[in-house]
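One structure is given here, and the rest of the page talks about it.
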Amino acid sequence: MSRPFDPFLYLVTDRALAGPRGVAETVRLALDGGVTLVQLREKALAHEPFVEEARRLREICHARGVPLIVNDDLAVAREAGADGVHLGQSDASVAQARETLGPDAIIGLSVESVEQAQAAAQLEIDYMAASPVFATPTKTDTALPLGLEGVRAIRRLTDKPLVAIGGINHANALEVLQAGADGLAVISAIMAAPDPRQAAREFHRLRSVH
């Protein structure tokens with residue numbers, strides 16, 4: 001059984017969007033605002049700096065009782081002692097991730113269609129991420145947006161926690177939750193916000209109203 005986690009407000013990091021404030025400080029502020037799960041996503045860092053960044057964020061997250069997930073890279077997740085890994089359809093398999101990280105690791109998988117969600121429902125994953133819900137400039141190598149109807153369709157296929165990712169912002173977050181998502185995976189609306197703490201608070205407030 002994986003360790004407990006709360007997917008409601010799931011921050012995905014982006015070094016470029018963090019700017020001079022830096023990833024670690026942005027994550028620290030966002031955690032203060034109510035982020036419940038953090039995914040470290042690094043596409044350009046070499047292995048050792050990636051591990052060092054993951055260890056730094058793990059300490060920041062764990063100090064607030066929040067798990068840290070690493071995107072894609074099983075070796076980094078294992079060496080850094082991260083709480084789990086998030087996989088895409090072209091990454092390592094769920095079985096490889098489970099074998100590498102152990103039975104209590106949190107393993108998430110992105111699905112880009114109803115067909116992929118049907119297949120993922122049979123896998124030993126801890127949450128499913130519907131991606132992308134809306135078009136987004138922060139990740140351009142994605143499938144066509146699923147839209148709210150796609151979220152509803154995937155919701156009907158699984159009782160696993162369902163996270164929505166891609167173009168989530170303060171204007172559409174409530175609709176996404178009402179479509180059946182358990183969690184909001186947010187990138188630019190927090191990482192690039194002038195005040196990440198306040199931006200996170202505004203998302204977290206939706207928990208009590210949806």
Side-chain angles (χ1 to χ4, degrees), residues 1-14 17-18 21 23-41 57-58 60-69 71 83-84 86 106-111 117 121 125-136 138-139 145-210:
M1 178 179 292
S2 67
R3 62 201 74 182
F5 67 102
D6 177 354
F8 181 75
L9 185 49
Y10 181 162
L11 177 63
V12 181
T13 68
D14 185 302
L17 291 175
R21 186 171 52 211
V23 172
E25 178 61 14
T26 304
V27 168
R28 187 179 288 108
L29 292 168
L31 287 166
D32 289 345
V35 160
T36 61
L37 190 61
V38 175
Q39 179 195 130
L40 174 60
R41 190 172 76 180
L57 287 195
R58 182 196 63 193
I60 293 169
C61 290
H62 284 191
R64 291 157 175 81
V66 170
L68 175 72
I69 307 293
N71 187 53
D83 299 282
H86 182 84
I106 301 167
I107 297 178
L109 178 66
S110 286
V111 296
I125 57 175
D126 298 290
Y127 69 90
M128 197 180 296
S131 172
V133 177
F134 305 109
T136 171
T138 57
K139 199 168 188 298
L146 293 161
L148 296 175
E149 189 50 46
V151 174
R152 293 187 187 97
I154 293 172
R155 173 76 286 167
R156 290 192 288 269
L157 292 173
T158 181
D159 58 2
K160 296 181 188 297
L162 178 62
V163 174
I165 186 168
I168 308 297
N169 56 45
H170 293 107
N172 59 34
L174 182 57
E175 288 182 312
V176 172
L177 293 170
Q178 290 172 336
D182 300 297
L184 304 165
V186 178
I187 308 175
S188 58
I190 291 179
M191 292 302 296
D195 184 344
R197 182 190 290 113
Q198 183 58 31
R201 280 176 179 158
E202 290 175 18
F203 281 110
H204 204 270
R205 188 170 49 81
L206 297 175
R207 177 164 239 166
S208 61
V209 300
H210 93 277

Please walk me through it: do Asp32 and Arg64 pass side chain to side chain contact (heavy atoms under 4.5 Å, CB included)?
-> CA-CA 8 Å; Asp32 289 345; Arg64 291 157 175 81; 3.1 Å; yes
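- What you find for Leu31 and Cys61 is that their closest heavy atoms are CD1-CA, 3.9 Å.
- The CG atom of Asp195 sits 7.5 Å away from atom CZ of Arg201, with the distance rounded to the nearest 0.5 Å.
- Glu25 has a carboxylate O that lies under 4.0 Å from a charged side-chain N of Arg28, or vice versa, which qualifies the two as a salt bridge.
- Of all non-hydrogen atoms in Ile168 and Leu184, the two that sit nearest each other are CG2-CD2, 4.0 Å.
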When you look at Arg41 and Asp14, which way does the side chain to side chain contact (heavy atoms under 4.5 Å, CB included) test go after all the steps?
-> CA-CA 6 Å; Arg41 190 172 76 180; Asp14 185 302; 4.1 Å; yes
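- Across all non-hydrogen atoms, the minimal contact from Leu9 to Phe203 is CD1-CB, 3.7 Å.
- Atom CG in Asn71 sits 8.5 Å away from atom OG1 in Thr13 (nearest 0.5 Å).
- The aromatic rings of His86 and Tyr127 lie parallel to each other, with less than 30° between the two planes, well short of the 60° mark.
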Mind running side chain to side chain contact (heavy atoms under 4.5 Å, CB included) on Ile165 and Tyr10 for me, showing each step along the way?
-> CA-CA 9 Å; Ile165 186 168; Tyr10 181 162; over 6 Å; no
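- Between Ala185 and Val163, the shortest heavy-atom distance links the atoms CB-CG1, 3.5 Å.
- To the nearest 0.5 Å, atoms CZ (Arg155) and CG (Leu162) are separated by 5.0 Å.
- Side-chain atoms of Thr36 come within 3.5 Å of backbone atoms of Asp6 as a donor-acceptor pair (strictly under, hydrogens ignored).
- The two residues Phe5 and Ile106 come nearest to each other via the heavy atoms CB-CD1, 3.6 Å.
- The shortest non-hydrogen separation linking Pro196 to Ala193 is CD-O, 3.6 Å.
- Screening Leu37, Leu40, Val12 against Ile69 for a side-chain contact (heavy atoms from CB on, under 4.5 Å) leaves a single residue, Leu37.
- In this structure, the side chains of Ile60 and Leu57 come closer than 4.5 Å at one or more pairs of heavy atoms.
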Are Asp83 and Arg58 close enough, and set up right, to give a salt bridge (charged side-chain N to carboxylate O under 4.0 Å, His left out), and what steps lead you there?
-> CA-CA 8 Å; Asp83 299 282; Arg58 182 196 63 193; over 6 Å; no
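- Taken to the nearest 0.5 Å, the CD atom of Gln39 stands 9.0 Å off from the CG atom of Leu11.
- Between Lys160 and Asp182 no salt bridge is recorded (no basic side-chain N to carboxylate O distance below 4.0 Å).
- We find that Glu149 and Arg156 are joined by a salt bridge, their nearest charged nitrogen and carboxylate oxygen being less than 4.0 Å apart.
- In terms of modelled atom types and a separation under 3.5 Å, the side chain of His170 and the main chain of Ala199 share a donor-acceptor contact.
- Distance CD1/Ile154 to CG/Leu146: 5.0 Å, rounded to 0.5 Å.
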From CA spacing to verdict: side chain to side chain contact (heavy atoms under 4.5 Å, CB included), Met128, Leu157 | CA-CA 11 Å; Met128 197 180 296; Leu157 292 173; over 6 Å; no
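- Going from atom CE of Met191 over to atom CZ of Arg21 covers 7.5 Å, rounded to the nearest 0.5 Å.
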